[in-house]
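Predicted model, so just to flag it, every value in this text is computed and none were measured.
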Amino acid sequence: MTHEDPVLLHTEGRVRHITLNRPRALNALNHAMVACVAEALADAELDDSITAVLITGAGERGLCAGGDIRSIYEDARAGGTTSMDFWRDEYRLNALIARFPKPYVAIMDGIVMGGGVGVSAHGDIRVVTERSRIAMPETGIGFVPDVGGTYLLAAAPGELGTHLALTADAVGAGDALLCGIADHFVPSQRLAGLAAELAGCDTSAGVENTVRRYAAPAPDGELAAHREWIDSCYRADSVEEIVGRLDSIGVPAAKQAAETILTKSPTALKVTLSALRRARGLGSLEAVLDQEYRTSCTAFTRPDLVEGVRAQIVDKDRDPRWSPATLAEVTEADVALFFTPLGDRELGLAATA
């Protein structure tokens with residue numbers, strides 16, 4: 001292993017360190033990285049000398065900005081299937097992290113988006129800092145929240161998860177704690193000391209207690225002050241009704257949310273709302289990941305994903321031409337297509353959980 005490898009592995013004391021190492025790409029995940037992390041976890045589980053795993057991101061900008069969107073864009077344009085293979089293994093990794101039997105400590109410092117949420121927020125000790133910016137931005141590129149994102153957002157208090165999923169807004173440490181996608185706030189200047197002390201922990205309880213000692217009260221978030229209109233507006237049964245309520249409730253922040261939502265892919269918005277509602281009734285993370293694999297594979301074949309990535313990442317004109325272009329044009333049949341079972345291509349995690 002060299003410093004150029006996309007994932008760096010080393011052991012300090014009783015802790016196995018996993019460092020996502022593509023800082024120029026903000027540590028965006030590719031298939032090889034997913035395989036490496038999964039193998040590292042399998043090895044750490046069997047190694048009695050390892051008490052905990054610690055995952056971090058190289059560089060100063062963040063843990064991980066998500067999957068390698070540009071490669072997915074090129075694959076979709078070419079009519080390929082490698083992205084579906086990537087998602088299959090990525091979602092299996094998300095489930096593995098959630099069920100990992102030793103403390104899995106995720107340092108969610110800086111930018112943590114999409115796939116970055118998947119390799120952190122399913123862990124049992126999730127640390128945010130004053131630099132954390134966490135988001136599931138998929139509706140802005142014609143995609144649907146995945147990597148267990150709909151599981152996490154569906155479990156957030158009230159309708160906070162619906163708000164974050166539809167607007168694709170990023171949140172800081174305080175709101176991440178409120179939404180249940182993080183556990184502890186640790187100021188960034190304490191992270192090095194935390195890692196050093198974790199190396200000497202012999203038990204799971206010792207790991208948890210050490211993190212708690214380094215933790216501090218989080219800065220105030222923004223969402224708590226908006227809970228009344230968020231819960232009122234987003235409990236509606238359709239995206240059109242949600243937007244209507246946001247626009248008419250008389251709160252400037254709600255009106256801004258409505259305007260933001262209307263810039264996203266109409267199809268992605270309707271599928272996302274349905275996915276969140278369905279996730280609440282599915283129960284397990286594995287069942288939700290199975291559902292997300294269906295929505296991801298279908299989105300991969302639809303025009304909005306390529307167009308959204310083109311507008312946001314490739315050409316950067318920020319002017320996507322969605323198809324269909326309006327919410328009214330997206331039918332119930334269009335949405336139902338995303339949840340159609342895939343036959344022998346099903347992910348099948350719930351059946352083996």
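- Contact of the L276 side chain with the L153 side chain is registered, since non-hydrogen atoms from C-beta on lie closer than 4.5 Å.
- Ionic pairing of D317 and R310 is present here: one or more N-O contacts between side-chain nitrogen and carboxylate oxygen are shorter than 4.0 angstrom.
- Relative ring orientation between H31 and F86 is described as perpendicular, the plane-to-plane angle rising above 60° on a 0-90° scale split at 30° and 60°.
- For the residue pair H10 and E12, a side-chain donor N or O sits within less than 3.5 Å of a side-chain acceptor on the partner.
- No hydrogens or angles considered: a donor-acceptor pair under 3.5 Å links the side chains of T331 and D334.
- Side-chain contact check for S274 and R278: at least one donor-acceptor pair (N or O, by modelled atom type) lies under 3.5 Å.
- Separation of atoms CD1 (I72) and CZ (R77) is listed at 15.0 Å; rounding is to 0.5 Å.
- Using modelled atom types and a 3.5 Å distance limit, the side chains of E130 and S188 yield a donor-acceptor pair.
- Closest non-hydrogen pair, F143 versus A299, comes out as CD1-CB, 3.7 Å.
- A salt bridge links R294 with E346: the closest approach of a Lys/Arg side-chain nitrogen to an acidic carboxylate oxygen falls below 4.0 angstrom.
- Across all their heavy atoms, P145 and T272 have their closest contact at CD-OG1, 3.3 Å.
- Counting heavy atoms from C-beta outward, T298 and T340 have side chains that stay 4.5 Å or more apart.
- Counting only N and O atoms by type, the side chains of E197 and Y214 include a donor and acceptor under 3.5 Å apart.
- No side-chain heavy atom of R302 sits under 4.5 Å from any side-chain heavy atom of V306.
- Going from atom OG1 of T150 over to atom CZ of R280 covers 11.0 Å, rounded to the nearest 0.5 Å.
- Going from atom CH2 of W229 over to atom NZ of K255 covers 12.5 Å, rounded to the nearest 0.5 Å.
- At least one donor-acceptor pair closer than 3.5 Å links the side chain of R318 to the backbone N or O of Q312.
- Note that CG of D169 and CD of E222 are 9.0 Å apart. Values are rounded to the nearest 0.5 Å.
- Remark: the backbone N or O of L177 is not paired with any side-chain donor or acceptor of D183 at under 3.5 angstrom.
- The shortest heavy-atom contact between D175 and A224 is OD1-N, 4.3 Å.
- Hydrophobic clustering (side-chain heavy atoms under 4.5 Å, transitive across Ile, Leu, Val, Met, Phe, Trp, Tyr) keeps V335 apart from Y234.
- Counting non-hydrogen atoms of other residues, nucleotides and ligands closer than 6.0 Å to CZ of R24 gives a total of 12 or fewer.
- Not one N or O on the side chain of S232 forms a donor-acceptor pair closer than 3.5 Å with the backbone of E228.
- Taking the six-membered ring where tryptophan is involved, the planes of W87 and Y91 are essentially parallel, since the angle between them stays under 30° and well short of 60°.
- Put simply, the side chain of M136 reaches to within 4.5 Å of the side chain of V117, judged on heavy atoms.
- In summary, the side chains of S323 and E307 do not present any donor paired with an acceptor at a separation below 3.5 Å, with no hydrogens or angles considered.
- R126 contributes a side-chain N or O that, together with a main-chain N or O of G180, makes up a donor-acceptor pair within less than 3.5 Å.
- With hydrogens and angles ignored, the 3.5 Å screen pairs no side-chain donor or acceptor of D68 with any backbone N or O of N30.
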- prompt: Run the side-chain contact (heavy atoms from CB on, under 4.5 Å) check on I313 and R70 step by step: do they pass?
  reply: CA-CA 7 Å; I313 307 296; R70 189 177 287 268; 4.1 Å; yes
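- Closest heavy-atom contact between L9 and C36: CD1-SG, 4.1 Å.
- Under a 3.5 Å cut-off, the side chain of K102 and the backbone N or O of A44 do form a donor-acceptor pair.
- Looking only at side-chain heavy atoms (C-beta outward), V128 and H184 stay at 4.5 Å or farther from each other.
- Between the side chain of K264 and the backbone N or O of G142 there is no donor-acceptor pair closer than 3.5 Å.
- Annotation for S49 and R14: closest pair O-NE, 2.6 Å, computed over non-hydrogen atoms.
- Atoms CZ and CG, from R99 and D124 in turn, are 11.0 Å apart once rounded to the nearest 0.5 Å.
- Within the 3.5 Å criterion, the main-chain N or O of G110 finds no donor-acceptor partner in the side chain of R133.
- Side-chain contact between M84 and R345: present, with at least one pair of heavy atoms (C-beta onward) separated by less than 4.5 Å.
- The shortest distance between side-chain heavy atoms of V15 and T51 does not fall below 4.5 Å.
- Between R277 and E159, at least one side-chain nitrogen of the basic residue sits less than 4.0 Å from a carboxylate oxygen of the acidic one, meeting the salt-bridge criterion.
- In this structure, OH in Y104 is found 9.5 Å from CG in L54, a value given to the nearest 0.5 Å.
- Listed here is the closest heavy atom pair of A218 and G174: CB-CA, 4.3 Å.
- Between the side chains of T19 and N21, no donor-acceptor pair of N or O atoms lies under 3.5 Å.
- Under a 3.5 Å cut-off, the side chain of W322 and the backbone N or O of A268 do not form any donor-acceptor pair.
- Using a 4.5 Å heavy-atom threshold, the side chains of L63 and D109 count as separate.
- Within a 6.0 Å sphere centred on CG of D89, heavy atoms belonging to other residues, nucleotides or ligands number more than 12.
- Within the 3.5 Å criterion, the main-chain N or O of V147 finds a donor-acceptor partner in the side chain of E292.
- Ion pair R245/E241 flagged as a salt bridge, since at least one NZ, NE, NH1 or NH2 atom sits closer than 4.0 Å to an Asp/Glu carboxylate oxygen.
- Checking T326 against E329 by side-chain atom types alone, a donor-acceptor pair falls below 3.5 Å.
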